[in-house]
Amino acid sequence: MTRCFIPLAFAASVLAVVPAGAQEADAGPKIMVTGEGEATVSPDMAVITFAVLREGDTARAAMDENNAAMAAVIAALKEEGVEARDLKTSGLAISPQYVYPNDDNGEEKPRITGYQVTNTLTVRVRDMEKVGEVLDRSVSLGVNQGGDIAFTNDDPAEALKEARTQAVEDAFSKARTLAEAAGVSLGDLLEISEQAGARPPMPMPRAMRMEAAAQSSVPIEAGENSYKVQVNVTFALEQE
């Protein structure tokens, strides 16, 4: 299960609730608790990053071969229903390849022997049933690097809403339990704040990236995404 923490700044989305008499309550004893909520949902989109690498005697030759291969990959992806907005060139590198002097080759100084061009493409696949086919066809047309996959959700709003509701209910329950144990009562609600951190989805292990392509359609298991939210809630306390 992939755990996704929503990318907000810590202690973001602060909502202060100031009912009547809150100034007096704020000056007295109070309690702050942290509530947690979590909601899981199946991913509805895969983000795949892969690359085409080609070599040539000159930079131009390597680039031409790379361009032809990547153009075929992009055309095939569009035939599979991937829209232009979901295709993004995320890297382009032209690297000279050197032979270095050693005792065996008689070279006096480093010498360029050719060039290597790598074009990296990031693809969002919104039809989860086509993820394996997209990977397989891309490799067949020339993709020979990458294969990292992140499974995510295009709109996790409902899952976040559920997680936030659970977090607030958890915080209220904790506050009531602590107050009862201490022989006091909860007073005015003084403050609610949400805190969250971000962790990127885990990619497919690189050891699987090209070996899986040997099958007719790459087997893919997307699992579930888990959205977790924490809230801090502060109450005034009243003596019973």
Side-chain angles (χ1 to χ4, degrees), residues 2-5 7 43 45-128 130-152 197-223:
T2 303
R3 290 186 177 271
C4 303
F5 292 82
M45 182 168 62
V47 180
I48 309 170
T49 300
F50 46 55
V52 171
L53 182 152
R54 291 291 185 272
E55 295 180 342
D57 293 336
T58 65
R60 178 72 269 168
M63 179 67 83
D64 288 344
E65 286 195 29
N66 195 298
N67 289 348
M70 182 57 80
V73 170
I74 292 174
L77 291 174
K78 291 181 177 179
E79 289 177 3
E80 293 293 338
V82 179
E83 298 181 19
R85 63 178 177 137
D86 292 326
L87 297 170
K88 181 179 180 180
T89 298
S90 49
L92 180 66
I94 304 173
S95 306
Q97 304 299 295
Y98 292 91
V99 59
Y100 293 93
N102 60 47
D103 294 337
D104 299 324
N105 60 22
E107 297 286 343
E108 297 181 357
K109 60 182 180 179
R111 177 172 57 85
I112 295 176
T113 59
Y115 290 84
Q116 184 180 91
V117 174
T118 303
N119 190 341
T120 305
L121 186 69
T122 298
V123 184
R124 290 183 295 188
V125 182
R126 299 177 186 273
D127 185 346
M128 295 294 291
K130 288 189 175 182
V131 175
E133 187 176 347
V134 164
L135 282 170
D136 180 72
R137 190 168 181 186
S138 298
V139 172
S140 299
L141 291 171
V143 167
N144 54 3
Q145 276 199 340
D148 291 341
I149 303 177
F151 295 105
T152 186
R199 188 175 70 183
M202 297 298 292
M204 176 184 285
R206 284 188 174 274
M208 297 173 62
R209 63 185 187 186
M210 292 296 112
E211 287 78 359
Q215 303 181 39
S216 59
S217 182
V218 181
I220 296 295
E221 296 293 337

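Side-chain atoms are counted along with the backbone in the values below, which use heavy atoms only and exclude waters and symmetry mates. Predicted, not measured: the structure shown is a model, and the values here were computed from it.
- A donor-acceptor pair under 3.5 Å is absent between the side-chain atoms of E221 and the main chain of P219, judged by distance alone.
- Closest approach of A61 and G56 over heavy atoms only: CB-CA, 4.5 Å.
- Atom CD of E83 sits about 9.5 Å away from atom CZ of R124, to the nearest 0.5 Å.
- Between atom OG1 of residue T113 and atom CG of residue D57 there is a gap of 9.0 Å, rounded to the nearest 0.5 Å.
- For the atom pair L77 CG and E133 CD, the distance stands at 10.5 Å (nearest 0.5 Å).
- Across all non-hydrogen atoms, the minimal contact from P43 to G223 is CD-O, 3.1 Å.
- The closest side-chain heavy-atom distance from F151 to M128 is below 4.5 Å.
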Practice problem: Start with the C-alpha distance between F50 and V123, add both sets of side-chain angles, then the distance that settles side-chain contact (heavy atoms from CB on, under 4.5 Å), and finish with yes or no. | Solution: CA-CA 8 Å; F50 46 55; V123 184; 3.8 Å; yes

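- Here the CG-OG distance, from N119 to S90, works out to 8.0 Å after rounding to the nearest 0.5 Å.
- We find the CG-CD1 distance between L121 and I48 to be 10.0 Å, quoted to the nearest 0.5 Å.
- Atom CZ of residue R54 and atom CG of residue N67 lie 11.0 Å apart, to the nearest 0.5 angstrom.
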Exercise. With side-chain contact (heavy atoms from CB on, under 4.5 Å) as the test, would you mind laying out the steps for K78 and L87 before giving the verdict?
Key: CA-CA 9 Å; K78 291 181 177 179; L87 297 170; 3.9 Å; yes

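- The shortest non-hydrogen separation linking V52 to A69 is CG1-CB, 3.8 Å.
- For the pair L141 and A72, the tightest heavy-atom approach, listed with the atom from each and the gap, is CD1-O, 3.6 Å.
- Residues E80 and K130 share a closest heavy-atom pair of O-NZ, 2.8 Å.
- When side chains are defined from C-beta on, V117 counts as touching L92, because their heavy atoms get closer than 4.5 Å.
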